[in-house]
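Here is the structure we will look at, set down as structure tokens.
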Amino acid sequence: MADTSASASKWSDLSTRVISAGVIVLIALGALFGGPLAWSIFVVIVYVLMLRELAKLCEVEIPTLRRWIIALLPVAVLAITFVLPLAGPEPDGAEAIWTAVTFGVMRALLVAFVPLAVGLLLIRAGHRTWLAYGLLLAVAALSLIFGQLVAGPRGILALIGIVVISDILGYFAGRAFGGPKFWPRISPKKTWSGTVAGWVGAGLFGALVGPGLLDVHWALCALGAVVLAFAGQMGDIAESWLKRRAGVKDSSALIPGHGGVLDRLDALVAVAALAGVAALGFGIFP
């Protein structure tokens, strides 16, 4: 009877987890295929929620009001950039297009990075953690926004695919084969067998879908996917370290059955940030 009760308790939140995941997936897909504006709004909202959780992880006893003020800074900056008038005559033709693109990029950069600078003044602990992880979040948000514009929904789905495949194969391989721990002090559940299985799965996925997205040989696509999968695993471990440092199990209780936004997107944050930097640095996309 005790074993039955324990088993039932273990799976008691399964329906909640499935429903929550389903709702999130539907909203994300709707935004992704709803066009650049819908996707940008969605990413900004997620960025706000992640800053809210990061503030709590940096300063555990932070008051709710100050936490929300910090989290909503991107929205405030975005509103200011739209309200302030542009000086000079109204451009037209090709100049108008170039001006719109230029100010769009400037607006995105301000929304991403100004809140981090202001947050340094409002956070009373964990300043280096706020700046380091906050920069990662900002770069990831920018990469996802511009990635949808440049690579389209397929490019974003490819990044998500790398994360999901690496995570699933890593989980099941780790459970099946066990073995030495990857980084026991920070993430005691991760094993080398699961880590390597994640690399293999991501590499195969990259070799299959990469050439259709990029004008690159399949072997390089596979290698790139493995590097991104490793970045995702490091993102997972980094967030685990943040939670251990703060003494909490989850980054928040926002998502029923799942914890916080950072708990669900820690790997994707690292993957998106690295993919964006690589695309910009190596000119992968035109």
*asked:* Tell me whether R264 contacts the main-chain N or O of G259 through its side chain, where contact means a donor paired with an acceptor under 3.5 Å.
replied: no
*List for me each residue that meets ring-ring contact (aromatic ring centres under 6.0 Å, His included) alongside W241, sequence neighbours excluded, and say none if there are none.*
none
*Validation row: I123, I62 side chains within 4.5 angstrom (heavy atoms)*: yes
_Inter-residue atom distance L73.CG - L122.CG, 0.5 Å rounding_ = 6.5 Å
_Any D266 side-chain heavy atom under 4.5 Å of Y133 side chain_ = yes
*Hey, does W68 have a side-chain heavy atom less than 4.5 Å from the side chain of R52?*
yes
*Does L51 share a hydrophobic cluster with L65, counting links as ILVMFWY side-chain heavy atoms below 4.5 Å and allowing steps through other members?*
yes
_Atom CZ of F177 with >12 non-hydrogen neighbours under 6.0 angstrom_ = no
*Does the side chain of L120 come within less than 4.5 Å of L116's, by heavy atoms?*
no
*Without swapping roles, check the side chain of T81 against the backbone of L78 for a donor-acceptor pair under 3.5 Å.*
yes
*Would you say V60 and I70 are hydrophobically clustered, going by side-chain heavy atoms of ILVMFWY under 4.5 Å?*
no
_Side-chain heavy atoms of R107 within contact of V77, under 4.5 Å_ = no
_Flag if over 12 foreign heavy atoms under 6.0 Å of CZ, F113_ = yes
*Give the minimum heavy-atom separation between F33 and P153, together with the two atoms involved.*
CE2-CB, 3.6 Å
*Have a look at I41 and tell me which of I45, V43, V44 forms a side-chain contact (heavy atoms from CB on, under 4.5 Å) with it.*
I45
*Atom pair CG/CG of L72 and L49 - distance to nearest 0.5 Å*: 9.0 Å
*Are the side chains of S240 and D236 in touch, meaning some heavy atoms are under 4.5 Å apart?*
yes
*Minimal non-hydrogen separation, Y47 against A138, with atom names*: OH-CB, 3.6 Å
*Provide the closest heavy-atom pair for L144 versus W39 in the form atom of the first, atom of the second, distance.*
O-NE1, 2.8 Å
*asked:* Would you say V25 ends up clustered with V269 if hydrophobic residues are merged whenever their side chains have heavy atoms under 4.5 Å apart, either directly or through other cluster members?
replied: yes
_Going by side-chain contact (heavy atoms from CB on, under 4.5 Å), E53 matches just one of L262, D263, V248, L137. Which one?_
L262
*same_hphob_cluster(W218, I165) at 4.5 Å side-chain heavy-atom cutoff*: no
_Closest approach of F205 to A158 (non-hydrogen atoms, all atoms of both residues)_ = CE2-O, 3.4 Å
_Could you walk me through whether R66 and E59 satisfy the salt bridge (charged side-chain N to carboxylate O under 4.0 Å, His left out) test, starting with their C-alpha distance in whole Å, then the side-chain angles of each, then the deciding distance to 0.1 Å, before giving a yes or no?_
CA-CA 11 Å; R66 183 151 51 86; E59 184 184 342; 2.9 Å; yes
*asked:* If I compare all heavy atoms of G155 with all of L213, which pair ends up nearest, and what's the gap?
replied: N-CD2, 4.2 Å
*Straight-line distance of R124 CZ to C58 SG, nearest 0.5 Å*: 14.5 Å
_Side-chain heavy-atom pair V48, V75 within 4.5 angstrom cut-off_ = yes
*Any W199 side-chain heavy atom under 4.5 Å of T195 side chain*: yes
*Return the minimal non-hydrogen interatomic distance between S252 and V261, and the atom names on each side.*
OG-N, 4.4 Å
*Which distance, rounded to the nearest 0.5 Å, do you find between the CG of D250 and the CD of E239?*
8.5 Å
*Spell out, yes or no, whether V46 and L26 are grouped together once hydrophobic residues are joined by side-chain heavy atoms under 4.5 Å, including indirect joins.*
no
